[in-house]
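Only one structure is covered here, and it is reproduced in the block below.
Nothing here was measured: the structure is a model prediction, and the numbers come from that model.
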Amino acid sequence: MTTSRKQGKDEKKNWLLASTFLNAALAAAKLAWGWAMGSTLLIADGIHSTSDVFGALLIFLALFFANHRSKRFPNGMHKLEDMAAVLGGLGILYAGYEIIHSVFFEAGIRTPGNVWPTVAFILALLLIQALFYFFELRAAQRLGSPGVRADAINWLGDIGSGLIVVIGLVAHQYRIPYAQEVAVVFIVLMIFKGAFDVLREGLLSLLDAADTEIYDKVRKIVMSEPDITGIKRLYVRKSGSVYFADIEVKVAEVNAVKAHQSIDEVVQRLHAELPSLESVTIHYEPDHPPYLTVVRLLGPDKKTLSREFGRADWLEIEHWKEGRELLGRKIVQNPARKATKGKSFRLLGYLLSIHTDRIIMGPTKLDENVRELFDALDIEIVLKKDDL
């Protein structure tokens, strides 16, 4: 794990822990002031804030255990963050219900004789809550964390409750009809919209739904590598605020070292451009034309089979469909014949570049190591007295 990803996870924990302590402090302040001033609305708001403390603590504990790895959970337990986000979303819905129930269905609301000190107190708390909500939501977007986002949006419930208290107290003071009811409708709609977004994101992640945006980014980065000719399978799974990618590609370069280098470059680019990728697994196979390539090594007369691999004068190249239908034939000069040394290796490199499946040449004694090399490259070599 890179240092930046570890720091990101620590930052998520710090935000949720700070949210839990701040919510607890504000809830205690609301309850104390409500009891002292005799405000039913403020006491109810304090009780609502107390319930939010448990929601923030739940998400924090889920993040704490998300990095736990074992034989049973080799990739960690990041789904706990999604589960906590879903529970947090349900908690937001319940907070909206509480607001509706307290305003429209509860009978009798006690109000302080002098509302202005209580209004000033609530406004000071609202300023603290709004600032924390703003900065926590920005952190959630930067970290890509559904858990931190759920906790940030949950502050809207507290802010909404505080506004309802303020509006209710001021409306009571000035006898403005229906002001509190109108405010409730707008605030509850805002809370329900936030709950929908949190639940949708958490549930989609739990169901392993495809993230088309991250999918397209991964695909673009993979196909930007020149040696990769195609993608056979691309699966990007979201778990909490991180992603796991499982990819199978076709690579034009059959040299194992070069192919590994190309894959390593792709993995490095994916991690550099998409920091939320926790793990990338790439499988590859050499790209091969959908036909059989047969190469005959010929002498100077372009008819006799050469008995020397690297010193052949001409190459007759044939492409066969399913081994029966001839698609094409051409004769080219051996590109390695003029080399002062290393003719065999240069010719082998050329044959690999055209995806040769079978080599036909005259009878000769091949070293056992050479035969094993051709076997490893999955190239059949046929020795014939003539080309009948």
Side-chain angles (χ1 to χ4, degrees), residues 1-30 46 48-70 73 75-92 95 124-162 191 194-195 197-199 201-202 205-206 214 238-244 271-279:
M1 181 188 299
T2 63
T3 302
S4 60
R5 291 205 294 273
K6 184 178 184 301
Q7 290 175 345
K9 292 175 181 179
D10 290 340
E11 186 176 353
K12 286 187 286 186
K13 295 176 185 177
N14 292 337
W15 273 108
L16 293 173
L17 188 60
S19 175
T20 302
F21 282 117
L22 178 60
N23 218 337
L26 295 179
K30 291 176 184 178
H48 170 258
S49 297
T50 303
S51 66
D52 290 340
V53 174
F54 295 102
L57 183 61
L58 176 66
I59 298 174
F60 172 75
L61 291 175
L63 279 179
F64 181 80
F65 288 105
N67 292 325
H68 169 74
R69 284 179 170 82
S70 63
F73 301 102
N75 294 323
M77 302 173 69
H78 299 279
K79 290 289 186 182
L80 283 175
E81 187 175 350
D82 297 309
M83 295 171 62
V86 170
L87 292 175
L90 294 175
I92 297 171
L125 297 187
L126 287 176
L127 178 60
I128 296 173
Q129 292 171 335
L131 288 173
F132 191 89
Y133 162 76
F134 174 76
F135 287 109
E136 188 179 25
L137 187 62
R138 286 185 60 184
Q141 293 170 348
R142 175 170 48 82
L143 297 170
S145 171
V148 177
R149 176 181 171 82
D151 183 73
I153 294 178
N154 200 38
W155 280 99
L156 292 178
D158 268 352
I159 294 172
S161 298
I191 291 173
D197 291 340
V198 171
L199 285 170
E201 186 175 353
S205 182
L206 286 174
I214 194 75
K238 189 173 186 293
S239 183
S241 55
V242 300
Y243 292 86
F244 295 87
H271 281 306
E273 298 184 28
L274 301 172
S276 57
L277 273 178
E278 175 78 5
S279 175

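- Between Met83 and Leu87, the closest side-chain pair of non-hydrogen atoms is not below 4.5 Å.
- Residue Asn14 holds its CG atom at 12.5 Å from OG of Ser19, rounded to the nearest 0.5 Å.
- A distance-only check finds a donor-acceptor pair linking the side chain of Ser205 to the backbone of Lys238 [under 3.5 Å].
- Leu125 and Lys30 make their closest contact through CD1-CG, 3.8 Å (heavy atoms, listed as atom of the first residue, atom of the second, distance).
- By the side chain to side chain contact (heavy atoms under 4.5 Å, CB included) test, Ile128 is found to be paired with Leu22, residues two or more places apart in sequence or in another chain being considered.
- When all heavy atoms of Ala18 and Phe132 are compared, the pair lying nearest together is C-CZ, 4.0 Å.
- Smallest separation of non-hydrogen atoms from Val86 and Leu199: O-CD2, 3.2 Å.
- Residue Tyr133 holds its OH atom at 6.0 Å from CD1 of Ile153, rounded to the nearest 0.5 Å.
- Residues satisfying the side chain to side chain contact (heavy atoms under 4.5 Å, CB included) test with Leu126, not counting sequence neighbours, are Ile122, Leu123, Gln129, Ile159, Leu163, Val166.
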Can you list, pair by pair, the side-chain donor-acceptor contacts under 3.5 Å of residues 135-142, counting residues two or more places apart and other chains?
unit_1	atom_1	unit_2	atom_2	d
Glu136	OE1	Trp155	NE1	3.4
Arg142	NH1	Glu11	OE1	3.2
Arg142	NH1	Glu11	OE2	3.3
Arg142	NH2	Glu11	OE2	2.5

